[in-house]
Protein chains: 2
Amino acid sequence: MTEISTLGYALLGMLAREPLSGYDLAQRLDLPVGQFWHARHSQIYPELKRLSRARLLTHEKVAQHDRPDKKVYALTDRARERLREWATAPVEAAGKRDELLLKVYSMWLADPEAAARLIRAHEAQHEAQLRAYRAHEANLHAHHAAQLRDPRSPWFATWATLKRGLGYEAEYVAWCRWLAESLESATSR
Amino acid sequence: MTEISTLGYALLGMLAREPLSGYDLAQRLDLPVGQFWHARHSQIYPELKRLSRARLLTHEKVAQHDRPDKKVYALTDRARERLREWATAPVEAAGKRDELLLKVYSMWLADPEAAARLIRAHEAQHEAQLRAYRAHEANLHAHHAAQLRDPRSPWFATWATLKRGLGYEAEYVAWCRWLAESLESATSR
DNA sequence: GGACGCATGTAATAGGTTACATGATTAC
DNA sequence: GTAATCATGTAACCTATTACATGCGTCC
């Protein structure tokens, strides 16, 4: 049985919902508003080849009149089965990494005013992300309200990861505010 | 001016508080209860050499009677200055990665009961982490209450990162509970 | 003609994990 | 003696980022 990388499962997970091209996958997985995984096209194209060789994906060339042709990938039955097994298999809690927190750890060396500015900048970033997630959630409720209660629906899964994103960003913003206020009140005194 | 990697800053950040050996650093940065960064000894020892070559660290050999000798590293003034500048320099928000969330994204394919078990297991893990953080916080308040209000104190910085850890884990636990309950109520019906 | 978005790839490098290796000292 | 902790290192491998590279089609 062929090994499948985490990135592989990320791609299979998206293709299980709808067939997509490498470019489509790259757009969804690139920096913007993905949730808890990301990848660049330079990692995606070779991975699609590997998965195809392992007979986990099929692809068909789709000719387009208005833009370049593309390859649209779809799951095989084997892949869907592998994905289903993986989805509930035990996994270690991720070792989180956040460079901002590393900076905060050494921030006592620096000017509190400069520190507060950095934290305020991140507060704004996470607030923007939170607003985007909220808009996404409103959209989900508006168009797929019925499916959101069914754990067998992909919309439910989308909602579940989105809720985690909402909680994550809301907590991050609250923490930024607390920290920035602490730093600012120290400055004013 | 020599480039310093993020890992380098992690090591400098710890050494700015107290001189430590590679082994000490590895213990603090290894899997256990670090907060938002981790590394293995195989990454740490070579990095200590690099930082030493760049004259950012000094080390002295410390002979021990009861156990093997060790090298204890300390910051140079240049390193402390570099660390201080880095601490408030702009940084992009981290692209978060969490394999559990990736699984949740494809969980609609699987048996909701199996899914609920996986989520409950993570709930327990994050609860345990939360308890550990709470104990750490109580300890901080008991022994360093005065310094916790001073942004120029390393104890304040420790508290700030710890608070982020507390918020993160509390939110994670709450989300696990919500999701597990949703999955379980679907099963019982 | 040039910029931009679509579309697909490869190569070089950096960052990180796992495994391999060695040796001292203490406790059982 | 042998397992466990302290202590330091290297090598092989995998993952991920950045940069290089190409080409089509549309809009200005």
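Sequence lines set the chain letters: A, B, ... in the order given, protein chains first and strands last, and positions in each chain run from 1.
- Cation-pi geometry between A:Arg17 and B:Tyr105 is satisfied (NZ or CZ under 6.0 Å from the ring centre, within 45° of the ring normal).
- Under the 30°/60° scheme for interplanar angles, the aromatic rings of A:Tyr168 and A:Phe36 are found to stand perpendicular.
- In the displayed structure, A:Trp178 atom CH2 is contacted under 6.0 Å by more than 12 heavy atoms of other residues, nucleotides or ligands.
- The number of heavy-atom neighbours closer than 6.0 Å to CZ of A:Arg78, taken from other residues, nucleotides and ligands shown, is above 12.
- Salt bridge B:Lys71/B:Glu60: absent, no basic N to carboxylate O contact under 4.0 Å.
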TODO: Mark up nucleotides 10-16 of chain D, 5' to 3', with B wherever a protein heavy atom is under 4.0 angstrom from a base atom, S wherever such an atom reaches only the sugar-phosphate, and - elsewhere.
DONE: BB----S

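- Relative to the ring axis of B:Trp108, A:Arg152 does not place its NZ or CZ within 45° and under 6.0 Å from the centre.
- Summarising the geometry, the separation between CZ on B:Arg67 and C1' on D:dT8 is reported as 15 Å, rounded to the nearest angstrom.
- If you find the closest nucleotide of DNA chain D to B:Pro68 and to A:Pro68, the one lying nearer the 5' end belongs to B:Pro68.
- Mapping heavy-atom proximity under 4.0 Å, the span of DNA chain C touched by chain A runs 5' to 3' from C:dC6 to C:dT17.
- Side-chain polar atoms of A:Arg149 and B:Ser182 form no donor-acceptor pair below 3.5 angstrom.
- Aromatic ring pairs are classed by plane angle as parallel below 30°, tilted from 30° to 60° and perpendicular above 60°; the pair A:Trp159 and A:His141 is perpendicular.
- One can place CG of A:Asp66 at 13 Å from C1' of D:dC27, the figure rounded to the nearest angstrom.
- Atom NZ in B:Lys61 sits about 11 Å away from atom P in D:dT8, given to the nearest Å.
- Checking the phosphate oxygens (OP1, OP2) of D:dT18, a side-chain nitrogen or oxygen of A:Arg40 falls inside 4.0 Å.
- Nucleotide D:dT8 holds its P atom 11 Å from the CD atom of B:Gln27, rounded to whole Å.
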